[in-house]
Amino acid sequence: QLQLVESGGGVVQPGGSLRLSCAASGFTFDDYAIGWFRQAPGKEREGVSCYSTSDGSTYYADSVKGRFTISRDNADNTMYLQMNSLKPEDTAVYYCAVVATSSGYRCRGPIPFADYWGQGTQVTVSS
């Protein structure tokens, strides 16, 4: 049973910060690549970030580069997305998902595919 559960969303003012969590069960992140995605109303799904546990490589979409940081906590099998300097255009439902289930995948560019999606957590940035 492979499950991902997102949490940490909420309402923040522009310039504020949130830390999203992606808790995994049924597997461990070793040899997996995990991605963060977002879906805003009227927009297509966007791959925000990716973390490959094979080599620690990371990817960030241009829209969030320099503001968001993806990281891993081995102890509790959780992937995080630290979001700083939030903008209203960051408003979306954020999802984590499995990008790759075996070693070899490297997060070096836009995410081509993902599966085993979580339920998502709402992030709203407004004043």
A.B. asks: Can you tell if the side chain of V123 reaches within under 4.5 Å of the side chain of T91, non-hydrogen atoms only?
C.D. replies: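 When only atoms from C-beta onward are counted, T91 and V123 do not touch, as no gap falls below 4.5 Å.
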A.B. asks: With heavy-atom distances below 4.5 Å as the criterion, would you say the side chains of N84 and F68 are in contact?
C.D. replies: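 Contact flag for N84/F68 side chains = no.
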A.B. asks: Are L18 and Y60 connected in the hydrophobic side-chain network, where two residues link if heavy atoms are under 4.5 Å apart?
C.D. replies: yes
A.B. asks: What's the shortest heavy-atom distance between Y105 and S52, and which atoms?
C.D. replies: O-OG, 2.7 Å
A.B. asks: Does anything in residues 103-119 form a salt bridge (charged side-chain N to carboxylate O under 4.0 Å, His left out)? List the pairs, not counting sequence neighbours.
C.D. replies: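 Listed once each, the pairs are D55-R106.
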A.B. asks: Could you tell me whether the side chain of C50 reaches within less than 4.5 Å of the side chain of I70, counting heavy atoms only?
C.D. replies: no
A.B. asks: Would you say V12 ends up clustered with V64 if hydrophobic residues are merged whenever their side chains have heavy atoms under 4.5 Å apart, either directly or through other cluster members?
C.D. replies: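 Yes, it is one cluster - the side chains of V64 and V12 are joined through contacts under 4.5 Å.
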A.B. asks: Count I, L, V, M, F, W, Y as connected when their side-chain heavy atoms are under 4.5 Å apart, and connections chain through other members. Are F37 and V125 then in the same cluster?
C.D. replies: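 Unlinked, F37 and V125 end up in two clusters.
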A.B. asks: To the closest 0.5 Å, what do you measure between CD (Q82) and OG (S49)?
C.D. replies: 12.0 Å
A.B. asks: If two hydrophobic side chains count as joined below 4.5 Å and joins carry through other members, does V48 share a cluster with I34?
C.D. replies: yes
A.B. asks: In the structure I gave you, are the side-chain heavy atoms of C22 and W36 within less than 4.5 Å of one another anywhere?
C.D. replies: yes
A.B. asks: What pairs of residues pass the side chain to side chain donor-acceptor pair (under 3.5 Å) test when at least one of them lies in residues 116-127, not counting sequence neighbours?
C.D. replies: Q122-T124
A.B. asks: Enumerate the residue pairs fulfilling salt bridge (charged side-chain N to carboxylate O under 4.0 Å, His left out) with a member in residues 7-29, sequence neighbours excluded, ordered by first and then second residue.
C.D. replies: none
A.B. asks: Side chain to side chain contact (heavy atoms under 4.5 Å, CB included) between E6 and Y94: does it pass, once the steps are laid out?
C.D. replies: CA-CA 8 Å; E6 303 94 337; Y94 284 72; over 6 Å; no
A.B. asks: Looking only at heavy atoms, what is the nearest atom pair of C107 and S57, with distance?
C.D. replies: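 Closest approach of C107 to S57, heavy atoms only: N-OG, 3.0 Å.
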A.B. asks: Under 3.5 Å, which donor-acceptor pairs do the side chains of residues 24-32 form with other protein atoms, sequence neighbours left out?
C.D. replies:
unit_1, atom_1, unit_2, atom_2, d
D30, OD1, R72, NH1, 3.4
D30, OD1, R72, NH2, 2.2

A.B. asks: Per the salt bridge (charged side-chain N to carboxylate O under 4.0 Å, His left out) rule, what does the pair list look like for residues 75-92, sequence neighbours excluded?
C.D. replies: R38-D90, R67-D90
A.B. asks: Determine, using the 4.5 Å side-chain heavy-atom cutoff (strictly less than), whether Y59 and L20 are members of one ILVMFWY cluster.
C.D. replies: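 Different clusters: Y59 never reaches L20 through Ile, Leu, Val, Met, Phe, Trp or Tyr contacts under 4.5 Å.
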A.B. asks: Taking all non-hydrogen atoms of both residues into account, name the closest pair between S63 and E46 and its distance.
C.D. replies: OG-OE2, 2.6 Å
A.B. asks: Output all residues satisfying side chain to side chain donor-acceptor pair (under 3.5 Å) with N77, sequence neighbours left out; order by chain, then residue number.
C.D. replies: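 N77: no side chain to side chain donor-acceptor pair (under 3.5 Å) contacts found.
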